[in-house]
> 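Dropping a structure here in structure tokens format, bear with me for questions.
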Amino acid sequence: MIRFLTNIGAAAIEKIRNLLYGLGFFFNVLKETTTFFRKRQVGFKVLVMQLLFTGFEALKISAVMALAIGAAINVIGSSFLPQFGQSKLMYSILIVIITRELGPLLTAFIVIARSGTAIATELGTMVVDHEIEAYLSVGINPIAYLVVPRFLGVVLSMGILSVYFNLFGLLGSYIIVQVIKPLNFQEYFGNLLTILSVGDVVSGLVKALVFGVIISVVSTFQGFSVARASTEIPVAGIKAVGQSFILCIIADVAITLVQYA
Amino acid sequence: MAQWSEPIIELSHVSASSGGFEILRDADASFYAGEITVVMGSAGAGKSTLLKAAAGLVVPDAGTVKFFGKSIASFNRKEELEFRRRTSYVFQDAALWANTSILGNLTLPLSVHCAWMNATEMERAARVVAEKVGYLESLSMRPAELSIGEQKLISLARALVTDPELVFMDDPTSHLDEDAVDRVFGILGELKMRDRTVIMVTNNSDIAFRHADRLGIVRDGVIPILGPYDEIVNNEAHEFVGIVSRLKIRGERTRGEKTSKETEQ
Amino acid sequence: MKFRIRYADQVVGVFIVIALVIFCGIIVLLGMNQRWFAKNYSFKTRFESGAGVSAGTAIVMKGFPVGKIAKVELDDENRVDVEFVIFDTYYPKVREYSLIELSVSPIGLGTQILFHPGKGENLIQPGEFIPEASSPDGAAIVEQELAEIPPKDDTVTRLLANVNPLLEDVNKIVVTANRTLTEVNRALAGQSTGPLGQSIVELPKTMRGVNEVVGNVNDVVVNVNGTVTDAKAQVETVVSQVSALMAQTSELMASVQAITGNLEATTEAMRDPTGLVPRLLDPQGSIKTFLDDKNAIYNKVTSMMTEIEKSVKSLSAIASSLNDEMPKIAAILNESRTALRQAQDVLQGLKTNPLISGGIPERSEQQSLYQSMRGGEY
């Protein structure tokens, strides 16, 4: 019994210690981010490559998903809403789902699946191969050189991808509208702009940026947590993905509550 | 040989562990500037951990590591950068950065410590140091495309590209062929001539015989023997130490010169 | 090296720039569409209730948004003060006698704020008050048709406008019934101080009173029975007298009838020139016999007349005795009627249950329907 209690206590202390360590890591990242653009940046190239990989290369899958979802929403809505004489609600539904809710969340899932695992495994491999120590020996802060460009790259990519997701989602919906009930583009777009508000755009963007922060911090943290064995590298990748998913969903709920409160 | 009164690196009661195992136990060591100190010991004795602790790459569990009398742990960012500018490290397994080319590996330290140099100058400096270590292949290749020996050479070149005052070397001649080993020896002689400090851990008694000004032995996490090479080797009390006895067999000779056997060849 | 790796900077640059252009474009178009920088004209109004009205709610005129609500406040006097703006493109429609209408959807689809332009010449200046359609000022404007108010073409609204009064009546009835039942419950629980409650409290006394009344009714009924019996006996006497008289009268009438018959025959005979007259005039005829019967017929007629006179006298006596008895009979009949009325009242009272109706209802005398021309009031 005492051993059981001891184990629980030790596990709790370990969890709290890890949490505090994680928070310390996060604040360290934020601190280095503030000085990133003031220095003559060796990490700038890393930032560009991260934007290329996380943002540009994810554009294809993000666009396809957005087109499909926008089309699906329009098809489903067009079959239900006219029965209640509420065809105009289609625009509100599109905006709520694509701009406010699903857009940022699905983009986050794409980025987690692609970049979250990549970042965690890459950094884990670097730890195992002593590359991190090599950076330290040269006087390069690994957080400033490795984490901050990835942090900025993922956050910026999330924001940019969410803009493209909105564009393709609403465009996909328009394409379907043309098939079901052809509508002038100006009229469609005008109706959309009437319903769309700055709050919708800003809230979608805020969510995307928050998700970007979560994904990058969690992935880099898990990457650095690899000790010495190469078998820990895929474990770090899996943990990064799982934790990122959960934290993104929690953040989504929290932001939505704040918006509608 | 320049002799500083104050050690350049001083370890005081340093204990360090790795993976839950205690590697160093209450180790004391002093390394002086302008000298080549070779630390030897059996496998798993704690040589690499000692070197990393001295280089500030491992945070000791206890004790202090000082650089010219100032604790490394108390360095601010500027002091740490200065420390890194004046030192460099050659890793046992090369530890090249896989996501960049050989040129990138060599120019990155320059971009940190020699920011006044432009890209062309950095590339030129990188080529010079790569040739010095005997690497004549393309600098645009990735480390994964090189053999382990070539990677070791590039690692050595990376450590020397900024002309540091103090070089930490972890078994620099492992995985190297004889020609490459000769080149390493030549580099060590050159560093010696230029009054640079080298702290090296190795199992290669040749290096110790030919270049060590000071010799240290690590055993079971402690450093029972550390001192001038001749004193250690000629001390009868150390005859039981295998390493010392093998060095003693080599006999007396002028430091840095080749042995008679090598001259015959 | 792959193209995009070699030109990573350019690719990423284009990627970011396009996204920025799209984002900025959306913001600019939003601003243009939602008139962020357009001039709006502010006015005030007052609503009965602020339910369904919030800042940002659109103000619509014939389906087109012409403005929006800027602020909704509850003032110290519990009135809902509303500040709203009209877009600059529609300001020329804000003329004198314009109205604002708060239209609540009866089927729960929210509220709509409608703007009805006035028919006046002058524009209403920004900052001035525009009345709500259901306010006194607004209603006056509507009545005088000084504002353009389109007909409500909503079928449901029309239907529900008809149903609303019925629903209100039903509501009143339900409320009244509820109140009544509450009062009944309280009365039955002895907590009510109203007439019903007092009746419940005084029920034993009432029952005693009822018993007394019933006793009185019994006495009255007994008296009535006696009176009726006396009257019946008297009536029987009179009836027997009348019967006797009627019998005498019948005999008399039979005699008269015989005489009449004879007279008739005589007249016939007299009419026949060869019959009665000659026979009568004949020395051996009836007239001779009649005239020479030594006063036999005269004596017969005299006795008959005497009998008739007696009968008439008897009839007269009966009639006068009946007249004498009539008041008594009338009194008896009145008493009987009164007793029966009382009994009826008691029975009515018991039947209608004083516990609910609050006592025996007052009898209302029926007015004569006949009115003389001069009886009417002008």
Side-chain angles (χ1 to χ4, degrees), chain A residues 10 14 21 28 31-32 34-36 38-50 52-53 115 118-119 121-150 153 220 223-233, chain B residues 18-21 48 51-52 54-59 72 75 77-100 104-117 119 122 143-144 151 154-155 158-159 161-162 164 166-170:
Chain A
E14 188 64 27
Y21 188 77
N28 213 348
K31 191 181 83 174
E32 292 298 332
T34 55
T35 57
F36 181 79
R38 280 199 284 115
K39 298 175 189 170
R40 165 119 183 235
Q41 280 321 304
V42 294
F44 191 74
K45 187 69 181 171
V46 179
L47 170 62
V48 169
M49 296 309 291
Q50 191 66 50
L52 181 76
F53 177 71
S115 301
I119 290 171
T121 52
E122 185 184 5
L123 289 178
T125 308
M126 289 172 89
V127 170
V128 169
D129 290 344
H130 303 287
E131 291 181 40
I132 308 296
E133 284 176 339
Y135 282 120
L136 283 171
S137 72
V138 167
I140 292 174
N141 183 346
I143 291 182
Y145 187 70
L146 297 172
V147 177
V148 170
R150 284 164 175 76
T220 50
F224 280 134
S225 69
V226 170
R228 43 188 61 241
S230 57
T231 52
E232 293 179 39
I233 296 169
Chain B
S18 177
F21 297 98
S48 293
L51 195 67
K52 285 181 180 176
L57 295 178
V58 162
V59 177
I72 289 174
F75 280 168
R77 179 66 190 149
K78 197 174 171 185
E79 287 167 332
E80 187 187 350
L81 208 58
E82 179 66 15
F83 172 69
R84 295 299 175 199
R85 185 187 68 78
R86 292 167 74 177
T87 64
S88 65
Y89 197 102
V90 180
F91 289 85
Q92 188 177 23
D93 53 358
L96 295 179
W97 299 308
N99 60 357
T100 186
N105 272 270
L106 294 175
T107 55
L108 188 57
L110 289 172
S111 63
V112 175
H113 302 296
C114 306
W116 63 86
M117 293 170 79
M122 286 187 196
Q151 289 182 29
I154 296 299
S155 174
R158 182 176 67 182
V161 74
T162 54
L166 168 61
V167 183
F168 298 93
M169 293 189 184
D170 191 347

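Note on naming: letters A, B, ... go to the chains in the order of the sequence lines (proteins, then strands), and numbering restarts at 1 for each one. Just so it is clear, the structure is predicted and the values come from calculations on it, not from any experiment.
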> Looking at residues at least two apart in the chain, or sitting in another chain, which of them share a side chain to side chain donor-acceptor pair (under 3.5 Å) with B/S48?
B/D170

> For B/T162, which atoms come within 4.5 Å of any heavy atom of chain A: side chain, backbone, both, or neither?
neither

> Where on A/A134 is there a heavy atom nearer than 4.5 Å to chain B: the side chain, the backbone, both, or neither?
both

> Any heavy-atom pair between the side chains of A/Q50 and A/I119 that's under 4.5 Å?
yes

> Listing request: all salt bridge (Lys or Arg N to Asp or Glu O under 4.0 Å) pairs with a residue in residues 124-143 of chain A, at least two apart in sequence or in separate chains.
A/E133-B/K52

> Is any residue of residues 89-97 of chain B within less than 4.5 Å of chain A by heavy atoms, and which ones?
B/Y89, B/F91, B/D93, B/A95, B/L96, B/W97

> Using a 3.5 Å distance criterion without hydrogens, assess whether the side chain of A/T125 forms a donor-acceptor pair with backbone atoms of A/T121.
yes

> Check whether B/R158 gets within reach of chain A through its side chain, its backbone, both or neither, counting any heavy atom under 4.5 Å.
side chain

> Report the option among B/G56, B/A159, B/A55, B/S18 that has the most heavy-atom pairs separated by less than 4.5 Å from atoms of chain A.
B/S18

> Just how far is it from atom CZ of B/F83 to atom CZ of B/F75, taken to the nearest 0.5 Å?
6.0 Å

> Quick check for you: among A/E122, A/H130, A/M49, which has the greatest number of heavy-atom pairs under 4.5 Å with chain B?
A/H130

> In Å, rounded to the nearest 0.5 Å, how long is the span from CE of B/M117 to OG1 of B/T107?
9.5 Å

> Taking ring pair (Phe, Tyr, Trp, His ring centres under 6.0 Å) as the definition, give me every residue that meets it alongside B/F168, ordered by chain and number, with sequence neighbours left out.
none

> Under a 3.5 Å distance rule, please check whether B/H113 uses its side chain to pair with a backbone N or O of A/V138 as donor and acceptor.
yes

